[in-house]
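What follows is a short report on a single structure.
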Amino acid sequence: MLARIEARAADHALAILGGFAAEPGDGLPEGTGSLILLGPREPGFWGYMTAQPEWRDGLPDPMDRWSARTITALAAEFGATALFPFGGPPWWPFYAWALRTGRAFASPVRLIVHDEAGLFFSCRGALALRERLQPVAGISPCARCASQPCLSACPVGALGAEGYDVPACHAFLDRPEGAPCLEHGCAVRRACPRSQAHARMEAQSAYHMRQFHR
Ligand code: SF4
Ligand code: SF4
């Protein structure tokens, strides 16, 4: 079944980011046997996304609207319930769920780091399945990252070992010196070697920065 989900998700430029068999305390809907997280499949996600009707209609939040349509349709195919990290309430505990997959980890800067996407981890939604599936876990890229460049990459120290000072980040982005972050993506996320190995396009990072700093 996992292989079928992977194949159908790939038809929509999505990949399985990880999953886990449900346990008490996971905060999942009643009757859930397992949860599968879905996110951008690289390379190719941004080209696919920007050809979708939600991107072209000029209305707000195209990526969330596309995610809702696509993942709801995928859920229907597999008799699952679609859950999203946006549009709440309810506000589902996606951070905790990502860690439960064993493929996403708390990085030294506290952002989630994923075994494939690095600090470009982006979850577009999840399938709550009745079946009890257990996808394979991964290894944290931080275990093999001696220099930990994420800790010192922010030019104003807004994101580091102490966590994320969001007002300081916004203040920097308002200045001309903040242009590289807006145009190419957060320097901390880009500094991670695992992120660099993930074929995410800068245009996608710039979109997310515009969403964050609007
Ligand atoms: S830069 Fe290194 S330590 Fe920091 S999140 Fe990436 S892999 Fe982990
Ligand atoms: S976007 Fe730029 S200023 Fe904000 S946390 Fe990332 S590196 Fe720092």
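Position 1 is the first residue of the sequence; numbering continues from there. Both ligands and their constituent atoms are indexed starting at 1 by order of listing. In this text, all values refer to a predicted model and were calculated from it rather than measured experimentally.
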List every atom of ligand 1 that sits less than 4.0 Å from any heavy atom of P193, numbering the atoms from 1 in the order shown and giving each element. 1 (S)
Ligand-residue contact atoms, ligand 1 with S107, heavy atoms, under 4.0 Å: 5 (S)
Verdict with reasoning, R200 to S205, per side chain to side chain donor-acceptor pair (under 3.5 Å): CA-CA 8 Å; R200 172 155 147 174; S205 295; 3.2 Å; yes
Out of all atoms in ligand 2, which are within 4.0 Å of some heavy atom of [X]? Include the element for each.
X: L159; result: 5 (S)
X: Y164; result: 5 (S)
X: F172; result: 3 (S)

With backbone taken as N, CA, C and O and side chain as the heavy atoms from C-beta onward, which portion of S140 lies under 4.0 Å from ligand 1: side chain, backbone, both, or neither? neither
Check the pair E202 / H184 against side chain to side chain donor-acceptor pair (under 3.5 Å), numbers first and verdict last. CA-CA 5 Å; E202 276 188 359; H184 308 300; 2.9 Å; yes
Quick check on [X] - does any of its heavy atoms sit under 4.0 Å from an atom of ligand 2?
X: P155; answer: yes
X: M209; answer: yes
X: F212; answer: no

Per the side-chain contact (heavy atoms from CB on, under 4.5 Å) rule, which among [options] passes with [X]?
X: L159; options: C186, C150, C169; value: C186
X: C145; options: P193, P108, C192; value: P193
X: I36; options: I16, L74, T101, L17; value: I16

In terms of residue, atom name and distance, what is the protein heavy atom nearest to [atom]?
atom: atom 6 (Fe) of ligand 2; result: C186 SG, 2.4 Å
atom: atom 8 (Fe) of ligand 2; result: C154 SG, 2.3 Å
atom: atom 4 (Fe) of ligand 2; result: C169 SG, 2.3 Å
atom: atom 7 (S) of ligand 2; result: A187 N, 3.4 Å

Is it true that D61 and R214 have a side-chain N and a carboxylate O under 4.0 angstrom from each other? yes
Give me the ring orientation class for W55 and W46: parallel if the planes are under 30° apart, tilted from 30 to 60°, perpendicular past 60°. perpendicular
Do any of the N/O/S atoms of C150, backbone or side chain, fall under 2.8 Å from atom 4 (Fe) of ligand 1? yes
Looking at ligand 1, does Q148 have a heavy atom less than 4.0 Å from it? yes
Atom 2 (Fe) of ligand 2 reached by C181 (N, O or S, under 2.8 Å): yes
So for atom CD, which belongs to E23, do other residues, nucleotides or ligands contribute more than 12 heavy atoms lying within a distance under 6.0 Å? yes
CE/M201: more than 12 non-hydrogen atoms of other groups inside 6.0 Å: no
Between R103 and E116 (side chain of the first, backbone of the second, donor and acceptor by atom type, cut-off under 3.5 Å), is there such a pair? no
Check: of P108, C142, C145, min heavy-atom distance to atom 2 (Fe) of ligand 1 comes from C145
Starting at CZ of F121, measure out to CZ of R189 and round the result to the nearest 0.5 Å. 10.5 Å
